[in-house]
Amino acid sequence: MGDLDYRVRTQSGCIPPDLVSRLLELGHVEEVELWAAREEWFCAQGWARLLGGQGLEERALEVLAPYVDTGWWTAVSATVELLESWGRAGEAIALSRSRMEAGHPLALQFHARLLARHGQADEAFDLLRPHIQDWSVATALVDVADIAGRDEEAAELLAEHIPDDHRCADPWCCRGLDPDMAIGLLATIRERQGRVDDAVTLLRTRDKTALNNRDQLADLPARQDRIEELRAYAATEPLGIAARRLAELLEERDDVEGAIAVYRQAGDSSCQPTNVAVDLAQLLARHGRGAEAVAVMRAQADAPGGAEDWVVHMLCTLCADQGRPQEGLAYLDALKARRHGEEEWELFWIRLPLMAACDRVDEAVEQAKSHPEGAHPYAVSHVARLLAGAGRLEEAVAALEPHSPADSHALAGYLIDLGRVEQAIAVLQEHRPKPPVPSPGPWHDTPPF
């Protein structure tokens, strides 16, 4: 179970899901069936799904059974999801309950959500309630409360985790459900109850409202059609996230010019001008205004310190999408000249697809090989991609083989496309890592870990 878990989490030493899909698409069903019984989890999962889709549900369960019998959570949850998709909710619930009772840390919220989807929301709520100090369980509780009609009870539980005189100074200040998370979840409930002003007031008490590049204080007025409130917040929010949400809302309403104006205004005042420029360029490109998108990214790249590799990459990609690869190459040449003829690989590789678009694949390959970093595996992978894009798979394989296992997934993919399946699988399994041996301790739950 430990070996399986480590291989699946790292997707190393195994046949990854994208290549399993490719094997099935190309008709190599027998190979997938064979390796499904040989500790290749993604093959087992793909084969079981295929069998289930053909109505052979019992055979599909037999494929997964050896993995489930180990108690490995990934196999258990995948089997539960298949059973549920087949309309066998009772069996799905029984299987997930067995793992929950065995004490698996992820099983509780998974089982509770499953119960709630199948008419047992009250039982799910009661299961979650004693464990609300775990932030992920608290999130599940708020979702389940909506189905169970127990919003106010959930709100009272969350309020107990919001002290009046404390805010976390760092991510490790409070264990489990911290006050900011509790405030966000409580605001979700208040909005659901129609108490939108209360939800906004709650969110304004948080130290930080942005998480994972989204801002709850921006999303709420967008959902509630309080556009002027969102506009006022976008004018003061320093990361540009609220401006993006406002522009998204206007674009959804077919007010493209209004969305463009939001980005242009934010670009003049935001402390994140690069992000705003990227958002604006993507908006323009989506609406057939590629030339303007190129101009926006060109201005950003030409700004002091703006020629970061990812910015230049987007600029050149837009040029290629507009059928103007030569313009992208000209920019790269000018940038190289400004840097006294130096061009690190992070910028050099951007020219390879542009050269390919100009029917200069051979020249691109030679330039890549002669680059000071051209012998490194990360550089060779770009060359192989270039060759494969030109339909020269054998050459792509020849380029990658000396560097295996550095880019074994790409090499195996090209071998599969060539019909050399056994060789591809051997490449993937050549270096099967073992899970790291746990340290004897001491363990710490505060930094440094």
Side-chain angles (χ1 to χ4, degrees), residues 105-106 108-110 112-113 116-117 121 124-249 272 275 445-446:
L106 298 178
L108 174 61
Q109 56 178 300
F110 181 91
R113 290 181 185 277
R117 289 197 296 272
F125 189 96
D126 291 337
L127 279 172
L128 294 170
R129 177 175 178 158
H131 307 283
I132 192 174
Q133 68 276 5
D134 182 312
W135 70 267
S136 58
V137 172
T139 302
L141 181 80
V142 170
D143 294 339
V144 168
D146 186 26
I147 303 171
R150 297 171 71 173
D151 270 348
E152 196 54 44
E153 191 174 347
E156 291 173 2
L157 292 169
L158 290 167
E160 294 174 3
H161 289 79
I162 308 174
D164 294 331
D165 57 350
H166 174 72
R167 287 292 178 270
C168 293
D170 58 64
W172 300 278
C173 179
C174 293
R175 299 180 184 182
L177 180 62
D178 64 78
D180 272 4
M181 175 67 75
I183 289 170
L185 292 173
L186 180 54
T188 297
I189 292 176
R190 294 305 183 218
E191 180 187 2
R192 204 157 62 200
Q193 294 175 320
R195 297 167 58 179
V196 179
D197 289 333
D198 290 345
V200 171
T201 300
L202 274 167
L203 290 173
R204 285 175 177 163
T205 68
R206 293 173 73 177
D207 291 333
K208 295 179 181 178
T209 58
L211 180 66
N212 295 330
N213 213 26
R214 301 300 299 186
D215 189 329
Q216 197 173 352
L217 197 51
D219 290 335
L220 188 152
R223 284 192 298 269
Q224 297 296 327
D225 198 29
R226 297 166 69 151
I227 191 166
E228 292 309 316
E229 187 175 325
L230 176 56
R231 195 182 298 276
Y233 181 49
T236 59
E237 192 269 315
L239 299 178
I241 298 175
R244 181 192 300 123
R245 188 67 190 93
L246 174 59
E248 290 170 349
L249 182 62
Q272 303 287 341
N275 294 341
D445 57 7
T446 56

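- At a threshold of 4.5 Å between non-hydrogen side-chain atoms, the residues Thr205 and Ile162 do not count as touching.
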**Item:** Derivation of the salt bridge (Lys or Arg N to Asp or Glu O under 4.0 Å) call for Arg226 and Asp197
**Value:** CA-CA 11 Å; Arg226 297 166 69 151; Asp197 289 333; 2.7 Å; yes

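- Atom CD of Glu191 and atom CG of Asp198 lie 12.0 Å apart (nearest 0.5 Å).
- Checking side-chain atoms of Glu237 against main-chain N and O of Ala242 turns up a donor-acceptor pair under 3.5 Å.
- Under the 4.5 Å side-chain criterion, counting only non-hydrogen atoms from C-beta, Arg244 is not in contact with Asp215.
- In this structure a side-chain-to-backbone donor-acceptor pair under 3.5 Å is present from Gln216 to Gly184.
- Under the side chain to side chain contact (heavy atoms under 4.5 Å, CB included) criterion, His131 pairs with Leu108, Val137, sequence neighbours left out.
- Partners of Arg113 according to the salt bridge (charged side-chain N to carboxylate O under 4.0 Å, His left out) rule, which considers only residues two or more places apart in sequence or in another chain, are Asp143.
- In this structure, Glu156 has no salt bridge (charged side-chain N to carboxylate O under 4.0 Å, His left out) partners at least two apart in sequence or on a different chain.
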**Message:** side-chain contact (heavy atoms from CB on, under 4.5 Å) for Leu185 and Leu177? Distances and angles first, verdict last.
**Reply:** CA-CA 10 Å; Leu185 292 173; Leu177 180 62; 4.3 Å; yes

**Request:** For side-chain contact (heavy atoms from CB on, under 4.5 Å), just list the numbers for Gln193 and Glu152, CA-CA rounded to whole Å, side-chain angles, deciding distance to a tenth of an Å, and then say yes or no.
**Result:** CA-CA 9 Å; Gln193 294 175 320; Glu152 196 54 44; 3.1 Å; yes

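- For the pair Val200/Glu229, a side-chain contact is recorded, criterion being any heavy-atom separation below 4.5 Å from C-beta on.
- Of the inter-residue distances, the one linking Arg245 atom CZ with Arg231 atom CZ reads 13.5 Å to the nearest 0.5 angstrom.
- Salt-bridge formation is not detected for the pair Glu160/Arg129: no Lys NZ or Arg NE/NH1/NH2 atom is positioned less than 4.0 Å from an Asp or Glu carboxylate oxygen.
- Interatomic distance, CH2 of Trp135 versus CE of Met181, reported as 5.5 Å (0.5 Å rounding).
- The two atoms that bring Ala124 and Val144 nearest to each other are CB-CG1, 3.8 Å, heavy atoms only.
- Here the closest non-hydrogen pair linking Tyr233 and Ala218 is CE2-N, 3.9 Å.
- Here the shortest heavy-atom pairing between Leu128 and Gln109 reads CD2-CA, 4.0 Å.
- The shortest heavy-atom contact between Asp126 and Pro130 is O-CD, 3.2 Å.
- The shortest non-hydrogen separation linking Ala155 to Leu186 is CB-CD1, 3.5 Å.
- A donor-acceptor contact shorter than 3.5 Å is absent between the side chain of Arg190 and the backbone of Arg195.
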**Request:** Could you walk me through whether Arg192 and Asp151 pass salt bridge (Lys or Arg N to Asp or Glu O under 4.0 Å), step by step?
**Result:** CA-CA 9 Å; Arg192 204 157 62 200; Asp151 270 348; 2.5 Å; yes

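- Of the residues listed (Thr188, Leu141, Ile132), the one engaging Leu158 in a side chain to side chain contact (heavy atoms under 4.5 Å, CB included) is Ile132, and it is the only one.
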